[in-house]
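Here is the structure we will look at.
No experiment lies behind these values; they were computed from the predicted model shown.
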Amino acid sequence: MDPHATPPAAAPGNGDGPGGAEDRPARLAVGVVGAGRVGTALGAALAGAGHRVVAAAAVSERSRERIEQRLPGVDVVPPHEVVAAADLVLLTVPDDTLPELATGLVGAGVEVTGKLVAHTSGRYGASVLDPVTRAGALPLALHPVMTFTGRPDDVNRLTGISFGVTSPEPLRPVAEALVLEMGGEPVWIPEERRPLYHAALAGGANHLVTLVVETMDLLRGAGVAEPGRMLGPLLGAALDNGLRLGIDGLTGPVARGDAGTVADHVAELGRVSPESRRAYVALARLTADRALGAGLLKPEDAERLLEALAD
């Protein structure tokens, strides 16, 4: 089968029709390979949209427990049996194992012709699925832009979030329809832009957590008993300013060109934590560059700041 041709039965419908979900011809049998936090959340969301989750593969006992909790009654079977039973296969495995899994399925002779095969990696587009695509599968990259903790509210977190979607162009309506059915908003990411897309998300979300934890540790060192309580309103306002106003929402000593204050910060952090000093200097330099480029900072003030931030 041509992987660039969309089979009529693969296009999911939206909303409940007069006869209910079970009467719609486009309902899919869904299989989950990698029943972790993401796989079981997406499986539950698809089940809620009227699809049938028919099989899941799990290695750890924790994954088996998630299947029981989120996908009750679903058979736990080896990956090749999941693929055999499904019209839509979710490959929700760690990024580094995804290429090997795609190659392994084909190498094991698993029949994938005409099946939708979707992964949830932010790092990869559809090309990582080339081995199964050449064997007749229909490849989709559906990356939910959200963190999943394994808690019961993971499924609810899908509502209203963005999904980074990449696929062959003829499959784009299918990919986008599936995202909409899970309560998400599809955002098209060209294949060649996936690495930049994922680097941006990881840099923002993951490093934000690191920065917050580091800040709380420094505040504890300064004698603040409840740093989270102190930071909540400040960081909430700063995030809101950044999202709404961009660089125009910047405040603080760098935005003011207050080189003396910045120099004091660098000296104190060097005394307390050289690691924190290096992070502060790197971020302050980036902040100064952004502020200068936006016209918030005069060139002479930027020069003084960069002198204070010199190694």
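- Side-chain contact of Glu191 with Thr166: a donor-acceptor pair under 3.5 Å is absent, judged by distance alone.
- Remark: Arg62 engages Glu65 in a salt bridge, criterion side-chain N to carboxylate O under 4.0 Å.
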(request) Might you work through the side chain to side chain contact (heavy atoms under 4.5 Å, CB included) test for Tyr124 and Leu98, ending with a clear yes or no? (result) CA-CA 9 Å; Tyr124 294 112; Leu98 184 56; 3.9 Å; yes
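- Using a 4.5 Å cut-off on side-chain heavy atoms (C-beta onward), Leu46 and Met182 make contact.
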(message) Please determine whether salt bridge (charged side-chain N to carboxylate O under 4.0 Å, His left out) holds for the pair Arg304 and Glu307, giving the CA-CA distance in whole Å, both sets of side-chain angles, and the decisive distance to 0.1 Å.
(response) CA-CA 5 Å; Arg304 285 194 294 271; Glu307 287 175 1; over 6 Å; no
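- Interatomic distance, CG of Asp240 versus CG of Leu245, reported as 7.5 Å (0.5 Å rounding).
- With respect to Arg220 and Asp217, a salt bridge is recorded, a charged nitrogen being found less than 4.0 Å from a carboxylate O.
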(message) For Val33 and Leu90: C-alpha separation, side-chain torsions, deciding distance, then whether side chain to side chain contact (heavy atoms under 4.5 Å, CB included) applies.
(response) CA-CA 6 Å; Val33 178; Leu90 299 179; over 6 Å; no
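- With rounding to the nearest 0.5 angstrom, the NZ atom of Lys115 is 10.0 Å from the CG atom of Leu88.
- Annotation: side chain of Arg52 is not in contact with side chain of Leu28 (no heavy-atom distance under 4.5 Å).
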(message) For His143 and His119: C-alpha separation, side-chain torsions, deciding distance, then whether ring pair (Phe, Tyr, Trp, His ring centres under 6.0 Å) applies.
(response) CA-CA 7 Å; His143 174 241; His119 73 74; 8.9 Å; no
(message) Using side chain to side chain contact (heavy atoms under 4.5 Å, CB included), reason through Val262 and Val254 one step at a time and then give a plain yes or no.
(response) CA-CA 7 Å; Val262 170; Val254 172; 4.1 Å; yes
(request) Check the pair Thr113 / Glu111 against side-chain hydrogen bond (donor to acceptor under 3.5 Å, both in side chains), numbers first and verdict last. (result) CA-CA 6 Å; Thr113 301; Glu111 179 57 58; 2.5 Å; yes
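- A salt bridge links Asp96 to Arg123: one of the charged nitrogens lies within less than 4.0 Å of a carboxylate oxygen.
- At least one side-chain heavy atom of Ile161 sits under 4.5 Å from a side-chain heavy atom of Leu158.
- Taking the side chain as every heavy atom from C-beta outward, Val117 and Leu140 never approach each other to under 4.5 Å.
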(message) If you apply the rule side-chain hydrogen bond (donor to acceptor under 3.5 Å, both in side chains), what do you find for Thr40 with Arg70, and how did you get there?
(response) CA-CA 6 Å; Thr40 52; Arg70 294 181 175 176; 2.9 Å; yes
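- Crowding of Arg277 atom CZ: a count of heavy atoms from other residues, nucleotides or ligands under 6.0 Å exceeding 12.
- Ion pair Glu176/Arg172 flagged as a salt bridge, since at least one NZ, NE, NH1 or NH2 atom sits closer than 4.0 Å to an Asp/Glu carboxylate oxygen.
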